[in-house]
Amino acid sequence: MSQHSDIHAEEALEIIRQIPHSEEHTAKRFALEVPVDESVNRVLAEDVKAQADSPRRDNSAMDGFVFRKDDLDRGIRRFPVSGEVRPELETHPPIRSGHCARILTGAMIPEGGDVVIPVEQVDEIGEKEIEIRQIPQKNPVRKKGEGFKKGDVLLKEGAVIRPYEMGMIIEAGLHRCRVRPHLRIGLQVTGSEISEENNSNGPVLQSLMSSWPSTQVEVHPVIPDNPDRLKMRLRSLKDTSDLIVTTGGISAGKYDHLFDTLTELGARPLIRKIRQKPGKPLTIFIWDETVVCCLPGNPVSAVFTAEVYARSLARRLLGQEPVRPFRAKLCSEVSNNGGRTLFLPVRLDVDNGTLRADPGGDTRMRSHLLQLYRGCSSYLIVPPDAYHEPGNYVTCYPFSKIEML
Ligand SMILES: Nc1nc2c(c(=O)[nH]1)N[C@H]1C(S)=C(S)[C@@H](COP(=O)(O)OP(=O)(O)OC[C@H]3O[C@@H](n4cnc5c(N)ncnc54)[C@H](O)[C@@H]3O)O[C@H]1N2
Ligand code: MOO
């Protein structure tokens with residue numbers, strides 16, 4: 001893949017989509033088996049198939065009494081209660097003609113039984129007899145296999161396992177599942193002026209990237225703008241990372257050594273600069289099996305490029321699609337007089353069923369001010385020389401985590 005310089009954001013994301021992902025050389029080969037209750041935030045390495053029908057047998061959806069339909073059709077309303085069907089029972093004697101049994105939610109429907117009537121519609125006369133007050137229209141019986149059938153594919157390879165999917169895997173009857181290894185991300189903050197006191201990029205990116213599915217982020221100590229120190233650190237990072245993410249030292253200054261250092265080490269630049277604000281100097285290298293994503297040092301530029309490009313790279317390397325845009329209705333006017341596409345943090349809310357993007361009062365982009373993010377959940381895309389009126393539908397990229405206010 002050759003170097004692409006000074007391109008647009010969509011082109012960059014398309015190039016990321018084309019990067020051969022690690023399925024062949026890591027994901028498949030090193031897929032591992034984990035207990036289902038340790039699988040959340042992992043990516044499935046194989047389809048999940050149902051091991052049995054769900055429900056496994058016809059069962060009651062409510063607490064009540066179970067009857068034979070022909071008894072009810074004959075107009076009988078008063079019945080002796082000759083049994084109790086509890087959910088833990090594997091078998092129960094059949095329902096005899098003229099009799100009923102108490103049944104609990106989730107319990108199997110015994111042979112002969114067809115209709116369940118909830119307790120609320122029945123008068124209990126002592127311990128052993130009941131009278132039906134009313135037969136509801138709906139019969140609360142769940143049929144065997146109505147959820148899924150044995151052998152059905154419930155989840156596809158490549159799906160991210162969230163708590164909901166974990167529940168589905170347990171319902172499918174599995175105790176263990178095969179997942180892809182975590183993507184190893186090595187985070188390297190650079191800059192001679194950066195210390196523990198002023199390093200916002202390190203903690204912000206560590207927190208963001210750790211929230212992405214199936215990542216394992218290793219943070220390395222900050223290093224100064226020194227080519228030899230950079231070289232040594234990058235070499236050791238390459239051995240332990242699938243994706244190296246750096247911040248700082250990637251624009252045009254005298255002490256911005258990352259580009260030359262990585263090139264000298266044999267890394268091939270894939271993307272060099274994007275026509276965007278913030279994040280113009282973003283640079284991506286392919287270095288043998290490792291991808292290197294060099295984020296600009298300005299805090300807003302670093303966070304934006306991490307959320308859109310580093311996250312897309314992480315997704316790609318795990319066999320998923322890059323970050324995708326969505327549409328929302330604009331609340332106030334926005335314009336861009338510059339020559340680069342503007343990515344403006346905006347708030348999201350829903351008004352009368354419509355998703356709205358609210359840029360707030362001040363729409364100037366300042367790459368060093370993280371306060372622009374207060375309450376925001378996505379980036380509004382404003383192309384060069386564009387003017388968007390309130391009410392226009394606009395395109396946005398989502399933050400790693402969307403929160404509506
Ligand atoms: N002559 C040019 N100068 C600049 C250009 C250009 O094209 N030509 N691009 C500008 C743009 S756009 C950006 S963005 C910045 C990014 O530059 P670098 O990636 O080289 O970043 P640094 O110079 O190392 O740092 C920029 C700024 O951010 C602060 N910073 C860095 N790291 C951290 C950190 N971990 N935590 C908090 N703040 C950090 C740093 O102190 C600087 O103030 O370059 C423009 N210049
Ligand atoms: O592109 Mo830079 O990110 O303007 O500060």
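Read the numbers this way: they start at 1 and go in the same order the structure lists the ligands and their atoms. Note that the structure is a prediction, hence the values are computed from the model and not measured.
Judged by the shortest distance from any of its heavy atoms, G191 lies outside the 4.0 Å radius around the atoms of ligand 1. Heavy-atom distances between S301 and ligand 1 reach below 4.0 Å in at least one pair. Using a 4.0 Å heavy-atom cutoff, P296 is absent from the residues neighbouring ligand 2. The closest approach between G253 and ligand 1 stays at or above 4.0 Å for every heavy atom of the residue.
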Between S5 and R272, does the side chain to side chain donor-acceptor pair (under 3.5 Å) criterion hold? Intermediate values first, please. CA-CA 5 Å; S5 301; R272 176 68 174 141; over 6 Å; no

Please determine whether side-chain contact (heavy atoms from CB on, under 4.5 Å) holds for the pair Y309 and V323, giving the CA-CA distance in whole Å, both sets of side-chain angles, and the decisive distance to 0.1 Å. CA-CA 8 Å; Y309 301 100; V323 174; over 6 Å; no

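From the protein, the heavy atom lying nearest to atom 24 (O) of ligand 1 is G249 N, 3.0 Å. When only non-hydrogen protein atoms are considered, atom 30 (N) of ligand 1 lies nearest to G297 O, 3.3 Å. In terms of protein heavy-atom proximity, atom 5 (O) of ligand 2 is closest to S367 OG, 2.6 Å. Looking from atom 38 (N) of ligand 1 to the surrounding protein, the closest heavy atom is P299 CG, 3.8 Å. The protein heavy-atom contact nearest to atom 6 (C) of ligand 1 is K280 NZ, 3.8 Å. Protein heavy atom closest to atom 44 (O) of ligand 1, with residue, atom name and distance, is S251 OG, 3.1 Å.
If you number the atoms of ligand 2 from 1 as listed, the ones under 4.0 Å from a heavy atom of P278 come out as 1 (O), 3 (O). Taking a cut-off of under 4.0 Å to the non-hydrogen atoms of P296, the atoms of ligand 1 that pass are 14 (S), 16 (C), 19 (O). The R340 neighbourhood of ligand 2 comprises atoms 1 (O), 4 (O), with distances under 4.0 Å to a heavy atom of that residue. Interface atoms of ligand 2 facing N298, defined by a heavy-atom separation under 4.0 Å, are 5 (O). With ligand atoms numbered from 1 in the order given, ligand 1 contributes 19 (O), 21 (O), 24 (O) to contacts under 4.0 Å with heavy atoms of G248. For ligand 2, the atoms closer than 4.0 angstrom to any heavy atom of K280 are 1 (O), 3 (O). Heavy-atom proximity to N199, at under 4.0 Å, picks out these atoms of ligand 1: 34 (C), 35 (N), 36 (N). Close approach of ligand 2 to G279 (heavy-atom distance below 4.0 Å) involves ligand atoms 1 (O), 2 (Mo), 3 (O). Atom numbering of ligand 2 starts at 1 in the shown order; those under 4.0 Å from a heavy atom of S301 are 2 (Mo), 3 (O), 5 (O). Atom numbering of ligand 2 starts at 1 in the shown order; those under 4.0 Å from a heavy atom of K277 are 4 (O).
Checking only distances, P281 never comes within under 3.5 Å of ligand 2, N or O to N or O. An N or O contact shorter than 3.5 Å links D256 to ligand 1 by distance. For S200, a nitrogen or oxygen atom sits less than 3.5 Å from a nitrogen or oxygen atom of ligand 1, counting backbone and side chain alike.
More than 12 non-hydrogen atoms from other residues, nucleotides or ligands lie less than 6.0 angstrom from NZ of K238.
Considering only non-hydrogen atoms, atom 37 (C) of ligand 1 lies nearest to N198 out of D225, N198, I250.
Looking at T190 and Q188, their side chains never bring a donor and an acceptor atom within 3.5 Å of each other. Remark: the Y379 side chain and the E307 side chain contain an N/O donor-acceptor pair separated by less than 3.5 Å. Inspection of the S214 and R42 side chains reveals no N or O donor paired with an N or O acceptor under 3.5 Å.
Although no hydrogens or angles enter the test, the distance criterion places no donor-acceptor pair under 3.5 Å between the side chain of S301 and the main chain of P278. The main-chain N or O of P383 is found under 3.5 Å from a side-chain atom of N336 such that the two form a donor-acceptor pair. In this structure, the side chain of D242 engages the main chain of R184 through a donor-acceptor pair within 3.5 Å. R311 places no side-chain N or O within donor-acceptor distance of the main-chain N or O of A306, the cut-off being under 3.5 Å.
Among all heavy-atom pairs drawn from V122 and R133, the shortest one is O-NH2, 3.4 Å.
In this structure, F79 has its ring center no closer than 6.0 Å to that of F65.
Considering CG of L187 and NE2 of H220, their distance stands at 8.0 Å, rounded to 0.5 Å. Atoms SG and CD1, on C396 and I381 in that order, are 7.0 Å from each other to the nearest 0.5 Å.
At a heavy-atom distance under 4.0 Å, atoms from both the backbone and the side chain of N201 approach ligand 1. Only the side chain of P281 comes within contact range of ligand 1, with a heavy atom under 4.0 Å; no backbone atom does. With a heavy-atom cut-off of 4.0 Å, A252 touches ligand 1 through its side chain alone. Only side-chain heavy atoms of V189 come within less than 4.0 Å of ligand 1; its backbone N, CA, C and O stay farther off. Heavy atoms from both the backbone and the side chain of N298 come within less than 4.0 Å of ligand 1. Of all the heavy atoms of E193, the ones lying under 4.0 Å from any atom of ligand 1 belong exclusively to the side chain.
Ion pairing between R17 and E321 holds under the 4.0 Å rule for side-chain N and carboxylate O. Here E124 pairs with R102 in a salt bridge; the nearest charged N to carboxylate O distance falls below 4.0 Å. Between D53 and K144 there is a salt bridge, since a side-chain N of the basic residue sits under 4.0 Å from a carboxylate O of the acidic one. With respect to D73 and K69, a salt bridge is recorded, a charged nitrogen being found less than 4.0 Å from a carboxylate O.
The presence of a protein heavy atom under 4.0 Å from atom 28 (O) of ligand 1 is confirmed. In this structure, atom 10 (C) of ligand 1 is not in close contact with the protein, since no protein heavy atom lies within 4.0 Å of it.
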